[in-house]
Protein chains: 2
Amino acid sequence: MSRPEARLGTHLPVSPPTLADVAERAGVSRQTVSNAVNNPDLLRPGTLERVREAIEEMGYSPNRAARNLRTRTSQLIGLRVSPVQEGTANAMMDRFVHTLVETSALAGHHVLLFTGDDEDPVAGYDNLLRSTAVDAFVVTDTYLGNPQAAWLAQQRAPFVAFGRPWDRADARHPWVDVDGAAGTRLATEHLIAKGHTRIAWIGWRKDSPIGEDRRAGWLTTMHEHGLPTTGLASRVEDTVQSGGEAAAVLLDESAPTAFVCASDTLAMGVLHTLWLRQLAPGRDIAVVGFDDSQVAQVYPVGLTSVRQPLEEVAVQIVTALHALLSHQPPAEDGVLLTPTLVVRQSS
Amino acid sequence: MSRPEARLGTHLPVSPPTLADVAERAGVSRQTVSNAVNNPDLLRPGTLERVREAIEEMGYSPNRAARNLRTRTSQLIGLRVSPVQEGTANAMMDRFVHTLVETSALAGHHVLLFTGDDEDPVAGYDNLLRSTAVDAFVVTDTYLGNPQAAWLAQQRAPFVAFGRPWDRADARHPWVDVDGAAGTRLATEHLIAKGHTRIAWIGWRKDSPIGEDRRAGWLTTMHEHGLPTTGLASRVEDTVQSGGEAAAVLLDESAPTAFVCASDTLAMGVLHTLWLRQLAPGRDIAVVGFDDSQVAQVYPVGLTSVRQPLEEVAVQIVTALHALLSHQPPAEDGVLLTPTLVVRQSS
DNA sequence: GCGTCCCCCTTGATCGTTCCAAGCACGGGC
DNA sequence: GCCCGTGCTTGGAACGATCAAGGGGGACGC
């Protein structure tokens, strides 16, 4: 029994061929075609060849919905996109998302984007989860107090976080993160090697664990080298203006010769202050940022910056997801990757 | 017959409730529950209330795969993400993608990301299309010679393009685009109003229709005001370095007092040259970019730039997609939106 | 020649939802 | 009290794939 519309030479879009259509053409059963696609080893070479030809000729591709229904799998990975913050320099997600999409494709998965209600951050996850629309999630914004990771863990939903669980109360779950302290350590040691001794820190407010982590890298490295840190640290909002103001105050009060910043955004503020004071970045005062964002690369005076290995992060996340979905017990909860330092003219 | 695992108080993830489970609980049939979800008007208020309570209590959400299979619909919109180009300033896609995701969500759709083989740009589309994994596509990179739009049109696949069909050979299809010429016209008239008469153009090579469109806006506006253009235009690669070099040459040979650029990337190059020559952007020489990228906003001397209404583009695209999927004959093929000018210190 | 085993393939059932057509209850009209 | 139309509700079928068994044929050993 072949479907009528596939026969008619109509101009209407014909429905794509099904497993049964291919089976009929190849003179085998449905299951054999299915095996040809999913378990080629089970077929005799001759049969396999014949089925493959039929598949090729008819342009057959398995219907996703039917397969999803039967296997209780969607081959989709959910990723929540958070609102765009204009004015900050972190166009960093682009790089991550692209690699994630590419890597997942290799593992046979696609990436599904969804937005979150800001009032109910969990709603988006809940919907997709209950309707079995996605197999797993990638959670990116794991700042302290974000309930998503804990909620997902409690629901026993498969997910991997980009970011460590800062809160001890969070149930254990797989995560991949970048060692921020190692990054600022790289930056600080680079500056020390260049002969700097008065190296200032401009970071975020104290309630950001990520910020504190990055600050610790600077602090311990300075201490290890017996260098002073008192009066050389400042905590501000993550904006260009705040960074500039902090740099101005530090320059006036503590006379640093170099700045390590918790973000490229803050570093841009520092560069702005240097510009106003006719100081040449890299020659008079060194500046190092964090994230290696596009501004760092495009800015006339290239900004030295700590670069997160986002490509590797994506690969590790997909690996962890794959293990999770295969129900393999994870070897370890988390993976901590080390960033690199991209040296440009500003240092 | 209720599923056993839903009864057991096991720690294993229980499969979510189905339509039948809800029906049993509410004391109605499957179809009634389905109607309560999809056509509430068909139910008597009392029944509707009862079913809704059951749905709420059990946390029911329709299984996506089953629904997709039956309705031959996936509620997914495919979007190809192109490789990240480091060094260019176009973090512009972020804004677009986010609005697209948000707007589609309102229409009940999700966004599926996929990558394309660079060698076979059509492969990714073909796979998703044949496996009925997506309902429609949004095509973003519609540069001349890109076969995707034409191929999709030929396949009668539903899609909306962000970008005009520059090639007349392309079959007709819905599109949404931003009027680049109107943008550079805004920029040029802004500079003329500021008293500039020697306004230079730095754009892309001739084979880019988008670049030619933007160039035309500058050219016609200059002509309309009886201003000179000879020796004031240059065409280069879209890199910071090329923009800087072009600016240097133009400054030496034609003494312009203002620059209109085809991109923020090129404008950054111009700013760099000004920096090297100790010229103050905005006071000595005016500069206008295109795209209002993050560098334009973060750069110490704010860069005046043409801003594309990406949010509106996304809304229009979703509207067109909705019409397309409802088989409503589109009122018109394309929608052309007008950009705005964000004036900052550089002009 | 016959039974046994194994490999390769086929058949029927199933996933959870929506479509279809028939069933039943309720109420009005006579 | 009976008939009939309207409207909510119902069981059966279908979407297209995979899972779980069942069956047929050839090779091999006795």
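So that the names make sense, note that chain A is the first sequence line, chain B the second, and so on, each numbered from 1. Quantities reported herein were computed from a predicted structural model and do not represent experimental measurements.
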**Message:** I'd like to check the side-chain hydrogen bond (donor to acceptor under 3.5 Å, both in side chains) partners of A:Q75; sequence neighbours left out, ordered by chain and number.
**Reply:** none

**Item:** Listed partners of A:Q148 passing side-chain contact (heavy atoms from CB on, under 4.5 Å), at least two apart
**Value:** A:R80, A:P121, A:Y125, A:V139, A:D141, A:N146

**Message:** Going by side-chain hydrogen bond (donor to acceptor under 3.5 Å, both in side chains), name the pairs with one or both residues in residues 45-59 of chain A, residues two or more places apart or in two chains.
**Reply:** A:R25-A:E57

**Qualifying residues under side-chain contact (heavy atoms from CB on, under 4.5 Å), relative to A:T115, sequence neighbours excluded** = A:V81, B:H98, B:V101, B:E102, B:A105

**Request:** Encode nucleotides 18-28 of chain D as B, S and - characters from 5' to 3', where the letter depends on protein heavy atoms closer than 4.0 Å: B to the base, S only to sugar-phosphate, - to neither.
**Result:** BBB--------

**Request:** Figure out the CD/P separation between B:E24 and D:dT10, and round it to whole Å.
**Result:** 13 Å

**Request:** Go through the structure and list residues passing side-chain hydrogen bond (donor to acceptor under 3.5 Å, both in side chains) with B:H110, not counting sequence neighbours.
**Result:** B:R64

**Request:** Just compare D:dT9, C:dT17, D:dA17 and give me whichever is closest to any side-chain atom of B:T18.
**Result:** C:dT17

**Message:** Students often mix this up, so state it plainly: with edges at 30° and 60°, are the rings of B:H173 and B:F159 parallel, tilted or perpendicular?
**Reply:** tilted

**Residues forming a side-chain hydrogen bond (donor to acceptor under 3.5 Å, both in side chains) with B:T132, sequence neighbours excluded** = A:N63

Output a table of nitrogen or oxygen pairs between the protein and nucleotides 6-8 of chain C separated by less than 3.5 Å.
none

**Degree of bending in the helix from C:dG1-D:dC30 to C:dC30-D:dG1 once both end axes are built from five pairs, to 10°** = 60°

**Item:** Below 4.0 Å: OP1/OP2 of C:dG16 and any side-chain N or O of A:R72
**Value:** yes

**Request:** Would you list the pairs meeting salt bridge (Lys or Arg N to Asp or Glu O under 4.0 Å) in which at least one residue belongs to residues 121-135 of chain A, sequence neighbours left out?
**Result:** A:D126-A:R130

**Message:** Checking A:D41 now: which residues fulfil side-chain contact (heavy atoms from CB on, under 4.5 Å) with it, not counting sequence neighbours?
**Reply:** none

**Item:** Distance in angstrom units between B:N63 CG and C:dG16 P, rounded
**Value:** 7 Å

**Item:** Check: A:A314 main-chain N/O paired with A:T103 side-chain donor or acceptor under 3.5 Å
**Value:** no

**Prompt:** Taking only residues two or more places apart in sequence, or in another chain, which ones meet A:T32 in a side-chain hydrogen bond (donor to acceptor under 3.5 Å, both in side chains)?
**Reply:** A:S29

**Asked** What is the distance, rounded to the nearest whole Å, between atom CG of B:D21 and atom P of C:dG16?
**Response** 8 Å

